[in-house]
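So you know, we letter chains A, B, ... as the sequences are listed, proteins then strands, and number each from 1. In this text the structure is predicted, and so the values were computed from the model without any measurement.
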Protein chains: 4
Amino acid sequence: MSTAFASDNAAPAHPAALVALQQVNDGSAAAYGADEVTAHAADALRETFGCPDAEVLFTFTGTAANIIALASAVQPWQEILCSDIAHILVDEAGGPVRLSGAQLTRLPSSDGLIDPTALDRHAARRGPVHHSQPRIVSITQSTENGRVWPAPAMTQFVDHAHDLDLLVHVDGSRLANAVAALGVSPEEAIGDADIITVGGTKNGMLFGDALLVRTPRHFPGIRFVQKQIGHLASKNRFVAAQFLAFLRDDLWLRTATHANAQAAQLGAGFQRLGLRLACPVEANEVFVELDAETHRRLGEYYAVHQPDLEVPVVRFVCAWSTTDGEIDDVLNTLRGLL
Amino acid sequence: MSTAFASDNAAPAHPAALVALQQVNDGSAAAYGADEVTAHAADALRETFGCPDAEVLFTFTGTAANIIALASAVQPWQEILCSDIAHILVDEAGGPVRLSGAQLTRLPSSDGLIDPTALDRHAARRGPVHHSQPRIVSITQSTENGRVWPAPAMTQFVDHAHDLDLLVHVDGSRLANAVAALGVSPEEAIGDADIITVGGTKNGMLFGDALLVRTPRHFPGIRFVQKQIGHLASKNRFVAAQFLAFLRDDLWLRTATHANAQAAQLGAGFQRLGLRLACPVEANEVFVELDAETHRRLGEYYAVHQPDLEVPVVRFVCAWSTTDGEIDDVLNTLRGLL
Amino acid sequence: MSTAFASDNAAPAHPAALVALQQVNDGSAAAYGADEVTAHAADALRETFGCPDAEVLFTFTGTAANIIALASAVQPWQEILCSDIAHILVDEAGGPVRLSGAQLTRLPSSDGLIDPTALDRHAARRGPVHHSQPRIVSITQSTENGRVWPAPAMTQFVDHAHDLDLLVHVDGSRLANAVAALGVSPEEAIGDADIITVGGTKNGMLFGDALLVRTPRHFPGIRFVQKQIGHLASKNRFVAAQFLAFLRDDLWLRTATHANAQAAQLGAGFQRLGLRLACPVEANEVFVELDAETHRRLGEYYAVHQPDLEVPVVRFVCAWSTTDGEIDDVLNTLRGLL
Amino acid sequence: MSTAFASDNAAPAHPAALVALQQVNDGSAAAYGADEVTAHAADALRETFGCPDAEVLFTFTGTAANIIALASAVQPWQEILCSDIAHILVDEAGGPVRLSGAQLTRLPSSDGLIDPTALDRHAARRGPVHHSQPRIVSITQSTENGRVWPAPAMTQFVDHAHDLDLLVHVDGSRLANAVAALGVSPEEAIGDADIITVGGTKNGMLFGDALLVRTPRHFPGIRFVQKQIGHLASKNRFVAAQFLAFLRDDLWLRTATHANAQAAQLGAGFQRLGLRLACPVEANEVFVELDAETHRRLGEYYAVHQPDLEVPVVRFVCAWSTTDGEIDDVLNTLRGLL
């Protein structure tokens, strides 16, 4: 059974990541991120995102980056808002709630894109001691359904949240795909968000995500939280070196551009087969409607994922490594099943 | 300033670890540890420790392994016991307490070696609803002060804890050093402990520790806890492959044996300089008494660590990579300062 | 400004409660609920609800009873389900989440009445380590909108939840009003629910709620949780004595019957004024539609509550002490405002 | 078996408390502490302790007051310090740790009296991300062993803690006994402590303790925490009224003075029997050395408590209600057993 389209998590590491590991494995180095490679990688992230005063932390996984961001943003009597399909809501085993102790409230969305006015009602509940107090909203760029927040919509959302005295977290485990799709600067793709998970794993690294903390005063204990859950790497150069390699010469955007292009090609192929896409293909994910029997039979050949048990939709994810041949193969397989 | 003796954390990765990464980076693979490399590495750990029925989990760091073990062992009205110098008590930023919600109680120890009868008083407090209920005791092999539990002492301690209906966790971030020092089988070095952190990072990997869960019925939610704090690696083959490489041909014991030998040599060198060792050198750490002025001046050359602010003792840690030249250099530097 | 209809919380204590306090204040008694009054009150609760094997705990408040029940039911990687208007979701400041660490998920409801099939989708998500695992569903009898679960609907809901391997908690802070309204036995009003908050405060006591734990095996640490948050009363006879007084001769149902009757009368009065009720009056609460200006002006005379900021509905609650004169007064005031 | 000396918790309520309940049970009142009785009681507490700007909260129990104070003082990566016999350490079932998520570290003490310099070592560990960060120290006045902090010692301790940037909590569940014993003003008995649990239950109320928050800026979420664990009483006038009654005409000090005097008398009686006191009798508790057999046989007549399982010491607590006759009886019983 092929895992080719199971997830960008299932992809191999890009060769540049391995080369980078090799290059920094040179003698002993200060532990826990006090080394020079880490400093350079943090600088590279600050420069890429045009925020010279941001704090940068590295983690091993995107889930870790998300929960560190959220748990250091809130008190356990405050509230976290997110979309109804947010990874932090449905795919992190309740970690954000466990670690923060805070209530996590879902907002209605269109494939993860949230209307800014959905925040108003929650902000208005602030004050009385009987209610959790909204403090931060988390959005995903590109979203879990493969949609991309256009730069103006992102700006408008973040600004509206700030007007309501809400912090904004961007889960950017696929941020590269969004930046590549939008063709804007990395900065424009995240608006004035306070804290951003910058994904590395799904972009082609072996492992590693980063946190860009643009308003550090709102996350005073964040380095303690990182340490407390075992994401302060003692040999952090091995995370940082991969970021350095990917940010150099825009490798992170080239891998994403490829993944996006393959997804577009796959989506077009599905449509040629007469299949309906469940939502527009804007980044590197394709959601296609498949009847139960076809889905079942496809599962004999491919590890594909049904995001919601109630609707007959199947997800295909393209990665930096997805080849034209793999796309042809899955389309041929499907043609045989239909 | 040299980081040569700062910690086994500061050492580079062993070349075999990088080769292993390269070898498994071959096409896509099932995510989240469902891949074959992970299965083989788990088998290798079970075989090495002679426990065919154990569950095996991988994490990125030793802190993570420790807190996942502890947090899945207790309810938040139960108590965790440990030594007065335990890493989980003094060097994990309170992570074990935060994640478990359980009280963490220190027991007196001799360099981390605990008299089994120290458990009796705590076990006797069980019952009344007013007290935290002791559930698990965590010991470290080799200890934070570089001492090694002899196999009979380990057996006696674990058996006594079990008699008192306490689970036993072994923090084995330096377990290899203990096994190498004792010259016994890995199994003998851990007695019948219920759950063991098997260190990889300090043993020469880029990153990666494992949890050996020998009594899985006592840790029912452990895989959820692992996921909740971001230590279920999506590309887990890159952790597992390193364990496979290190367990093959006893590489993990050869690296540890070397580190232990270098520590012995360094300790002997200190004594020849007329310095007093604060405790016996039994594994890969050396604790030497240094007056404040010498310590200060040494700090201009070497990043060395004073474990306790009140006593003039300095820690030197040897790693798989510590060379004779490095030992000569630090001894010469010290000779110049004394 | 009158607080007559603000809440059954705002009502005075029934004289029988004060008499009961006086009667048991006789010399010293074993602390922490080991006294005889507590034993008798627990027996009285078991007898009233026909469950001789239930465990009984007393708490000072309903919020406490709810969070003790929920926090002892779940692990922090499990999920709690409740209605979209549940007190535990919107009016306990996030306490259930903070104490349990578990994700709290809202289900759609009709005024707090939940279709049993709404549980299916969540139960089906069980298994994968990525998702919180549903463990308990909490419903409210009578609901926060003053609706009553008919006995057959209650049975059907609880049985369906059990079929899905979900525990059931009943928040019965107004359980007396439901039993009185239904005219069934207390047992029939709660089906086979596992754990029930039996309200005292809103029923006319000075303070005090109870927990009826019918399946104690599912709540092993419940007495520790009670202690941990300061709800194990040292002088528990003063809670228990009130329950004894209220359960004797069905005082608890007589106070509830009165409150229900007054609510019915008030609701009929609103309708005679041409006002629309937002939902049927089935227990002791009345929800009436009022335009913003009338609501504002009414607020000069009465402390009344707008449950949701988006809809122009105002809540009136009747208590054991609500008089016909108070009802006439509020209706006259409103007539003057309309 | 008599509970006469089991605890001041086992004593009946003072008649004045019941009278106070009766007097305020007059019609409906604003819920959740927005009533006038609560406002008056808060004023009375502020006046009694000479801190006009303090915030006042009421809780049902002392454990609740303690954990609300501590949990709102710390982040879960900070540390709470306390004595080795502190109630929060050994008798609250781990509640302070569970609710705060913070590490609780015991300091050596003499019967609960702590040398201020014991704080220095912990404050010095601040900074590195590897360690829990000390934030607040909790002391008990009078201590769990019936000792009293003299006013100068209290001042010195609090000032030293403040110099080290530590907040100070005073667990004053028996604060009245300390004030009465010292013969100083209430203010002098607590120094410049930041937050004080003012005990009511052990002083003769049916239930009820208060929190005096003198530096509210350090406890920003305290009212949310109070609500979250069910200690925001809906009918709070019934807690507040008792405080009003006890603070009026110094009833709280008269009850404490009596209890202290009875303890002194009991201690003297023990000494006349040739028994040794384990520590000086300074407030309302007497700790006497009893051999195991005498203790066992005494337990047939009296519910007395052995605070530590390892030493043959038994605790006797006197209350506002302890009579000369009760003292004579227990001394006679003991004389018969010796």
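If you check the side chains of D171(B) and S138(B), you find no donor sitting under 3.5 Å from an acceptor. Side-chain contact annotation: D35(B) with T38(B), donor-acceptor N/O pair under 3.5 Å present. In this model, no donor atom of one side chain and acceptor atom of the other lie less than 3.5 Å apart for D209(C) and T197(C).
Residues of residues 72-84 of chain B that come within less than 4.5 angstrom of chain C, heavy atom to heavy atom, are Q75(B), P76(B), W77(B) in numerical order.
Across F58(C), F246(C), F49(C), a single residue satisfies side-chain contact (heavy atoms from CB on, under 4.5 Å) together with V198(C), and that is F49(C).
Side-chain N or O atoms of Q242(B) include one that pairs as donor or acceptor with a backbone N or O of L206(B) at under 3.5 Å.
Looking at residues two or more places apart in sequence or on another chain, you find no ring pair (Phe, Tyr, Trp, His ring centres under 6.0 Å) involving H131(C).
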